[in-house]
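The block underneath contains the structure these notes are about, expressed in structure tokens.
Chain letters run A, B, ... following the sequence lines, proteins first and then strands; every chain starts at 1. Predicted model only: the values in this text are computed from it and were never measured. The figures that follow rest on heavy atoms only: side chains count, while hydrogens, waters and symmetry mates do not.
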There are 2 protein chains.
Amino acid sequence: MGASKTEHFSDKQNQIAAMAKAIGHPARVAIIEYLLSVDTCICGDIVNVLPLAQPTVSQHLKELKNAGIIKGSIEGTAICYCLNPDALSVLEAFFAHITININTKKTNCC
Amino acid sequence: MGASKTEHFSDKQNQIAAMAKAIGHPARVAIIEYLLSVDTCICGDIVNVLPLAQPTVSQHLKELKNAGIIKGSIEGTAICYCLNPDALSVLEAFFAHITININTKKTNCC
DNA sequence: TTTATTTATCGTAATATTGCAATATTGTAA
DNA sequence: TTACAATATTGCAATATTACGATAAATAAA
């Protein structure tokens, strides 16, 4: 079919999955790392940093924005993009929870 | 085209993206949460826990295994699956790094 | 050996993703 | 107004993902 059966899973599971999916592309990881590296969030030069055409970068930015990973606002002729701390802290908490609890398991047969 | 231009990005970016992509499906988030919740890693009942057919679950487990998120070993007639702490700690470190550095930025215009 | 049981693989249909050329939109400057 | 710059959208081709029925493979039990 191709469409995920999201209705069978919890809101939390769908939220984590949607955000992880958005990060699941090297170009989007690179965008996140670039947004983290620049001190301001006026980011009109993302296109020049990535090895992809402008429409492709625009599409990746759109997906990150749809997933809530980044926020964007119009800044004259340029667009101001920056990371969304709220979304990223949700993911941080998810993985922190896993790594904390993974070591409390009694048996590790694998 | 449909194929990611992985060759244009760093190994680290591709690794993070591949693991995030593997977690980017609610069924696979549910699998991870289930593996974390059970105390042992003999997990022959994952199929019963998920609202998906057996071949579909098997396919999701395969993708998680390919991404290194889980490990599996044959345990007689059942299969023993468990989380891979190494892979998950890489993701934990990635998001911890982001959330730590996100607040050191001078300007937050968005 | 025969029969279950458990998990994996194959085949296939429906849908989604990726990437870019072409084009549109929006704001700035002349 | 016209021209330019920056970003978004459209449309399309190539490929990947999702899901599951049917089937295979492997072990356990009878």
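- With D:dA19, C:dT17, D:dT18 as the choices, the nucleotide that has an atom nearest any side-chain atom of A:Lys21 turns out to be C:dT17.
- Rounded to whole Å, the distance from CD on A:Glu63 to P on C:dG19 is 10 Å.
- If you check distances only, the side chain of B:Gln59 never reaches the base of C:dA8 with a donor-acceptor pair under 3.5 Å.
- To the nearest angstrom, C1' of D:dT9 lies 13 Å from CG of A:Asn66.
- Among all heavy-atom pairs drawn from A:Leu83 and A:Lys71, the shortest one is O-CE, 4.3 Å.
- Take the nearest nucleotide of DNA chain C for A:His60 and for B:Leu61: the residue whose nucleotide is more 5' is B:Leu61.
- The separation between A:Asn48 atom CG and D:dA5 atom C1' is 12 Å, rounded to whole Å.
- With rounding to the nearest 0.5 Å, the separation of CD in B:Gln15 from CG in B:Leu91 is 8.0 Å.
- Rounding to whole angstrom units, CG of residue B:Leu50 and C1' of D:dC20 are separated by 15 Å.
- If you check C:dT18, D:dA19, D:dT7 against the side chain of A:Ile79, the one that comes closest is D:dT7.
- Out of C:dC20, D:dT9, C:dT18, the shortest distance to the side chain of A:Arg28 is found at C:dT18.
- The interatomic distance linking A:Leu52 (CG) with D:dT7 (P) rounds to 15 Å, in whole Å.
- The separation between A:Ile31 atom CD1 and C:dG19 atom P is 10 Å, rounded to whole Å.
- In terms of phosphate contacts, B:Tyr81 brings a side-chain nitrogen or oxygen within less than 4.0 Å of OP1 or OP2 of C:dA8.
- Considering all non-hydrogen atoms of both residues, B:Leu50 and B:Ile31 come closest at CD1-CG1, 3.5 Å.
- The side chain of A:Ser58 has D:dT9 as its nearest neighbour among C:dC20, D:dC20, D:dT9.
- Ranking C:dC20, D:dA22, D:dA19 by closeness to the A:Pro55 side chain, first place goes to C:dC20.
- Between the CG atom of A:Asn14 and the C1' atom of D:dT18 there is a distance of 14 Å, rounded to whole Å.
- Among the atoms of the strands shown, none is found under 4.0 Å from any heavy atom of A:Lys65.
- Atom NE2 in B:His25 sits roughly 18 Å away from atom P in D:dA16 (whole-Å rounding).
- Nearest heavy atoms, B:Met19 versus B:Ile69: CB-CD1, 3.9 Å.
- Side-chain atoms of A:Ile46 and A:Leu35, non-hydrogen and from C-beta on, do get closer than 4.5 Å to each other.
- The phosphate of D:dT18 has neither OP1 nor OP2 within less than 4.0 Å of any side-chain N or O from B:Thr56.
- Residue-level contact check: B:Gln54 touches the bases, meaning some heavy atom is under 4.0 Å from a base atom.
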